[in-house]
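Below is one structure, written out as structure tokens; the observations come after it.
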Amino acid sequence: MSNRPVLRLSDFIRSRMELILEAWEQFAKTITPPALTMDSKALRNHASVMLRAIADDLDNTQTEAEGIVKSEGRAPRTADDTAAETHAIARLLSGFNVEQLASEYRALRSSVLRLWAREWKEGYETNVDDITRFNEAIDQALAESLARYTRLFDQSRNLFLAILGHDLRNPLGATIQGAQILLLADDINDQHRKIAARIYNSGHRMSKLVSDLLDYTRTHLGAGLPLDVKSANMGEIARRVIDEIGSAHPDRDIVLKSSGRLDGHWDAGRIAQALSNLLGNAIQHGLPAERILIAIDAGDEEVVVSVNNRGPVIPEEQRQAIFEPLVRLVASDSKEGDRPGSMGLGLYIVREVAIAHGGSATASSSAGEGTTFALRLPRNGR
């Protein structure tokens, strides 16, 4: 049996707190630019609290199952805000990104274990289980920090987008109105009339994008899409959308087929928004020489509206995420047919409109049948 003194990791953390924080602080100062604006106290703000909590945890008994849960970042909460969560809030407000936040925990882990190993080599006895327990505790703290940081970042982003979209509406409305006045004027030449038409059409496209952006932020802030459900006719909604989009694309063959009773209770404006997005998507990605088919199949309890186009087959792995927002911005292999700067909100709004009505949206694609997007809507929407 060894006669060397025992140095438990928990005791080491408490007794060498200042040494650990100094080593960690030296790393934190290398994170720029945020660290340049923070003093020593701010750089250490919650590290000591986390380390003391970890030391206390190391002194408690723990089952193997509890250790596994902790290493996966799923330990039960013991307070409203842990030190790790409070640390994440401070770092977000200081301008740290998520990679910089995670790097702090790597540095904290390294600082403790490196200094502890140095003293252990100098003649202390130790408990190797402490290493496992310490890593589990750091993993739990990291998971708490990342979860809180991500949640707050998403909230701030959505709030920013909502404010941006709202503030864009007034100048856009003035632009569209001014272009409309020019188009109705009798004293302008054809060249100026064409320019006014371009401004008017571009303004409408921007207005649609702003509306999609506001709907996106509304759903991500938990409010959901507001509906104004009234008696409506699905065939009339579809024909109105076809007339509007078809006039801008007179070279495209758009066919409408319907069967069954087409009346029901829906938000006609929202349904038109969803169909407009689907038809615009079909025009963008379908082959120009092929027809686009809008089919309405009305049953007793639900109405299915589908939009089919003939174009490149959408791979299965892409179809699984095709209704997710902003996927086009993060895709590294965007297709040539994608519009530059498109945020990919159109299909997301389609799905949200369907869900708001108590229905669903699906996509299928094959070489023989083309690509079909389908809305399944209860006859009496929510």
Side-chain angles (χ1 to χ4, degrees), residues 150-151 153-166 168-169 204-230 232 234 237-238 240-241 244-245 264-285 294 296 301-309 314 318-331 338-339 341-365 371-382:
T150 302
R151 185 162 65 251
F153 182 83
D154 287 344
Q155 289 176 354
S156 61
R157 177 199 59 191
N158 290 336
L159 184 59
F160 166 76
L161 292 177
I163 294 172
L164 177 64
H166 182 271
L168 283 174
R169 276 190 160 176
H204 264 292
R205 287 197 297 271
M206 293 173 65
S207 180
K208 180 180 178 300
L209 177 59
V210 169
S211 294
D212 285 348
L213 186 60
L214 289 174
D215 286 339
Y216 165 74
T217 54
R218 185 181 291 113
T219 56
H220 273 245
L221 290 172
L225 290 181
L227 296 183
D228 182 17
V229 176
K230 297 178 180 178
M234 192 64 70
I237 296 173
R240 187 166 67 248
V241 171
E244 177 184 333
I245 295 184
H265 287 81
W266 306 287
D267 184 326
R270 288 293 185 186
I271 299 298
Q273 180 185 18
L275 283 179
S276 178
N277 286 351
L278 288 179
L279 186 52
N281 184 77
I283 288 174
Q284 178 186 349
H285 297 287
I294 299 180
I296 307 175
E301 300 296 330
E302 69 174 10
V303 175
V304 180
V305 184
S306 61
V307 179
N308 172 269
N309 71 83
I314 304 174
Q318 293 184 19
R319 291 204 300 274
Q320 294 176 356
I322 201 165
F323 291 104
E324 296 302 320
L326 309 180
V327 292
R328 200 171 296 164
L329 287 182
V330 299
D338 287 349
R339 290 170 297 183
S342 174
M343 293 196 299
L345 290 178
L347 294 179
Y348 170 75
I349 299 301
V350 168
R351 184 184 67 181
E352 292 302 308
V353 169
I355 292 174
H357 282 85
S360 62
T362 59
S364 62
S365 186
T371 297
T372 301
F373 289 90
L375 287 174
R376 308 187 74 91
L377 303 168
R379 186 173 292 279
N380 295 307
R382 292 178 181 175

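Index from 1, following the sequence. The structure displayed is predicted, hence computed values, not measured ones.
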Could you pull out the closest heavy-atom pair between [X] and [Y], with the gap in Å?
X	Y	result
Asp228	Asp267	N-OD2, 2.7 Å
Arg240	Ala272	NH2-CB, 4.3 Å
Val303	Met234	CG1-CG, 4.3 Å
Pro378	Gly358	CG-O, 3.5 Å
Ala232	Ile237	CB-CD1, 4.2 Å
Leu227	Ala356	CD1-O, 3.2 Å

To the nearest 0.5 angstrom, please state how far the [atom1] atom of [X] sits from the [atom2] atom of [Y].
X	Y	atom1	atom2	result
Leu278	Ile294	CG	CD1	8.5 Å
Leu275	Ile271	CG	CD1	7.0 Å
Arg379	His265	CZ	NE2	11.0 Å
Ile322	Thr362	CD1	OG1	11.0 Å
Ile245	Ile283	CD1	CD1	5.5 Å
Ile355	Leu377	CD1	CG	11.5 Å

Q.
I'd like to check the side-chain hydrogen bond (donor to acceptor under 3.5 Å, both in side chains) partners of Arg151; sequence neighbours left out, ordered by chain and number.
A. none

Q | Test side-chain hydrogen bond (donor to acceptor under 3.5 Å, both in side chains) applied to Gln273 - qualifying residues, sequence neighbours left out | A | Asp212, Asp215, Arg270

Q.
Can you confirm whether more than 12 heavy atoms, excluding those of Arg376, are under 6.0 Å from its CZ atom?
A. no

**Q.** Results of side chain to side chain contact (heavy atoms under 4.5 Å, CB included) for Ala361 - residues two or more places apart only
**A.** Phe323, Val350, Arg351, Ala354, Leu375

Q) side chain to side chain contact (heavy atoms under 4.5 Å, CB included) with Thr372: which residues, sequence neighbours excluded? A) Ser306, Asn308, Ser364

